[in-house]
Amino acid sequence: MLRGFYTAASGMLANQRMQETLSNNMANAYTPGYKADQGTVRSFPELLIQQMGNKSIPTSRGLKLPVHNKVGSLHTGVYMQESVSDFTQGDLKETGISTDLALIQGSVPDSSGMIFFNVQNEDGEMRYTRNGNFTVDGEGFLTTNQGYYVMDQNDDPIQTGGMDFSLTDTGTLRLGEREIPLGLTYTSNSPDMVKEGNDLFRPGEEAEPLVDARANPEINFQIRQNFLERSNVDPSRTMTEMMNTYRSFEMNQRVLKAYDESMQKAVTEIGRLR
């Protein structure tokens, strides 16, 4: 009985974590460049139950062997293994703001490859983002909406002096006679990138080395000024998945309650001495 109790409880925990993932996706449905998370649910290993008894059968040599009757398999519940980001390209939205930049990925040599803007976090470490909702701070530097510096190809902050600048399709800022290429990084395996909050990514511990997106001629991209890449979250689909997850949680909750009532009867009624 306790096995079924823990199986139902594991289902509730998995549904709760899945619901948290879906809720975070829904909350970022209108965050530029946001990549939806997809939870993967797996089952714990199955167990084979055998009946262990004292009965035995004789053999030709007079030996007696114990009889082990197979009862069947036992499912031990499920768990949410991990959350994986979906890096499909989001739709474009025209804003008319010069500091809004949309990174459009073309053909790349790897099926799971992805291009990112280079930014510097508050600790001075290199991070990567798809959110091109940039602005200019009080000192004239191009920054993210959280205040992180947007980096150029040499990993230096970009001094624009204001919002009056133009950008080529290849990601080069034109400031009068100056041309500053934006820092763009390519990863051959986007699932290795880890979300860090504030629309930032960092490479995972086992991630392959990141490279300059301009270094490989097989990497094609385009950057559109006055546009933003929308979130790739589908609100309608996400809401449906949230409802299904809630129903699954509720169903496991009812099973858990039934087991709890059965154990209560076993303690208070069956075990009562009369």
Side-chain angles (χ1 to χ4, degrees), residues 30-35 87-121 124-190 193 198-203 208-232:
Y30 298 100
T31 300
Y34 179 81
K35 301 305 177 185
F87 283 94
T88 56
Q89 177 82 43
D91 297 331
L92 297 189
K93 173 186 176 181
E94 186 173 6
T95 63
I97 302 175
S98 61
T99 54
D100 285 342
L101 310 179
L103 180 53
I104 306 172
Q105 182 163 305
S107 60
V108 293
D110 307 283
S111 58
S112 58
M114 180 59 59
I115 306 172
F116 297 90
F117 293 109
N118 296 355
V119 299
Q120 186 184 70
N121 67 6
E125 298 173 339
M126 188 67 67
R127 292 296 183 262
Y128 310 94
T129 185
R130 292 283 301 190
N131 187 348
N133 185 206
F134 300 143
T135 186
V136 177
D137 67 7
E139 298 178 352
F141 287 99
L142 188 66
T143 67
T144 68
N145 50 16
Q146 289 86 17
Y148 304 139
Y149 289 125
V150 180
M151 312 303 283
D152 63 14
Q153 194 173 15
N154 297 321
D155 294 338
D156 295 321
I158 299 175
Q159 173 67 256
T160 64
M163 300 178 62
D164 186 16
F165 63 88
S166 62
L167 187 80
T168 66
D169 291 344
T170 58
T172 300
L173 278 76
R174 289 178 175 173
L175 301 168
E177 298 181 355
R178 291 193 304 151
E179 292 189 349
I180 305 175
L182 280 173
L184 301 172
T185 292
Y186 174 78
T187 175
S188 59
N189 191 21
S190 55
M193 302 297 287
N198 295 326
D199 306 323
L200 301 182
F201 290 87
R202 62 175 173 81
E208 297 182 5
L210 307 182
V211 298
D212 186 345
R214 294 184 175 87
N216 190 338
E218 297 182 10
I219 300 174
N220 297 314
F221 63 88
Q222 182 181 5
I223 297 182
R224 298 287 300 277
Q225 190 176 16
N226 305 314
F227 284 81
L228 285 177
E229 179 188 2
R230 295 177 183 266
S231 167
N232 65 358

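- T160 places a side-chain N or O within donor-acceptor distance of the main-chain N or O of G140, the cut-off being under 3.5 Å.
- Judged by distance alone, with hydrogens and angles left aside, the side-chain atoms of D91 form no donor-acceptor pair with the main-chain N or O of R230 at under 3.5 Å.
- Within the model, atoms CG of L173 and CZ of R178 stand 9.0 Å from one another, a figure rounded to the nearest 0.5 Å.
- Between N118 and the options L184, L210, D155, a side chain to side chain contact (heavy atoms under 4.5 Å, CB included) holds for only D155.
- Remark: side-chain polar atoms of Q105 are paired, donor with acceptor, to backbone N or O of I115 under 3.5 angstrom.
- The CD atom of Q222 sits 4.5 Å away from the CG atom of D169 when rounded to the nearest 0.5 Å.
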Test side chain to side chain contact (heavy atoms under 4.5 Å, CB included) on R214 and F221 and set out the steps.
CA-CA 9 Å; R214 294 184 175 87; F221 63 88; 4.1 Å; yes
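- Partners of E208 by salt bridge (Lys or Arg N to Asp or Glu O under 4.0 Å), not counting sequence neighbours: none found.
- Annotation: the span from Q120 atom CD to D156 atom CG amounts to 9.0 Å, rounded to 0.5 Å.
- For the atom pair CD1 (I104) and CG (N220), the distance works out to 12.5 Å, reported to the nearest 0.5 Å.
- The structure places CE of M151 at 4.5 Å from CE of M126, a figure rounded to the nearest 0.5 Å.
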Report the C-alpha distance between D212 and Q153 in whole Å, list the side-chain angles of each, state the deciding distance to 0.1 Å, and finish with yes or no for side chain to side chain donor-acceptor pair (under 3.5 Å).
CA-CA 8 Å; D212 186 345; Q153 194 173 15; 3.0 Å; yes
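- Identified under the side-chain hydrogen bond (donor to acceptor under 3.5 Å, both in side chains) test for residues 129-140, with sequence neighbours left out: Q89-R130, D100-N133, R130-E229, N131-D199, N133-N145.
- For S166, the side-chain contact (heavy atoms from CB on, under 4.5 Å) criterion is met by R174, Q225, not counting sequence neighbours.
- Among all heavy-atom pairs drawn from S188 and D110, the shortest one is CB-OD2, 3.3 Å.
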Trace of the side chain to side chain contact (heavy atoms under 4.5 Å, CB included) decision for N216 with V211
CA-CA 9 Å; N216 190 338; V211 298; 5.9 Å; no
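- Taking each heavy atom of L92 and A102 in turn, the nearest pair found is CD2-CB, 3.7 Å.
- Within the structure, ring pair (Phe, Tyr, Trp, His ring centres under 6.0 Å) pairs that include any residue of residues 148-189 comprise F141-Y149 (at least two apart or interchain).
- Checked by atom type and distance alone, the side chain of T99 pairs as donor or acceptor with a backbone atom of F134 at under 3.5 Å.
- Between the side chain of D152 and the backbone N or O of L182 there is no donor-acceptor pair closer than 3.5 Å.
- Between I223 and F117 there is a side-chain heavy-atom pair separated by less than 4.5 Å.
- Side-chain atoms of V150 and P157, non-hydrogen and from C-beta on, never get closer than 4.5 Å to each other.
- Scored by the salt bridge (Lys or Arg N to Asp or Glu O under 4.0 Å) test, R127 finds E125, E196 as partners (sequence neighbours excluded).
- Using a 30° and 60° split on the angle between ring planes, F116 and F201 fall in the tilted class, from 30° to 60°.
- With hydrogens and angles disregarded, a donor-acceptor distance shorter than 3.5 Å links the side chain of Q159 to the backbone of G161.
- Residues passing the side chain to side chain donor-acceptor pair (under 3.5 Å) test with T170 are T168, sequence neighbours excluded.
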Could you walk me through whether S98 and N226 pass the side chain to side chain contact (heavy atoms under 4.5 Å, CB included) check?
CA-CA 5 Å; S98 61; N226 305 314; 4.1 Å; yes
After noting the C-alpha distance and the side-chain angles of L167 and L101, does the key distance pass the side chain to side chain contact (heavy atoms under 4.5 Å, CB included) rule?
CA-CA 9 Å; L167 187 80; L101 310 179; 3.5 Å; yes
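- Distance check: K93 NZ to L228 CG gives 7.0 Å after rounding to the nearest 0.5 Å.
- In terms of modelled atom types and a separation under 3.5 Å, the side chain of S231 and the main chain of K35 share no donor-acceptor contact.
- Side-chain contact between Y128 and M193 is present, with at least one heavy-atom pair separated by less than 4.5 Å.
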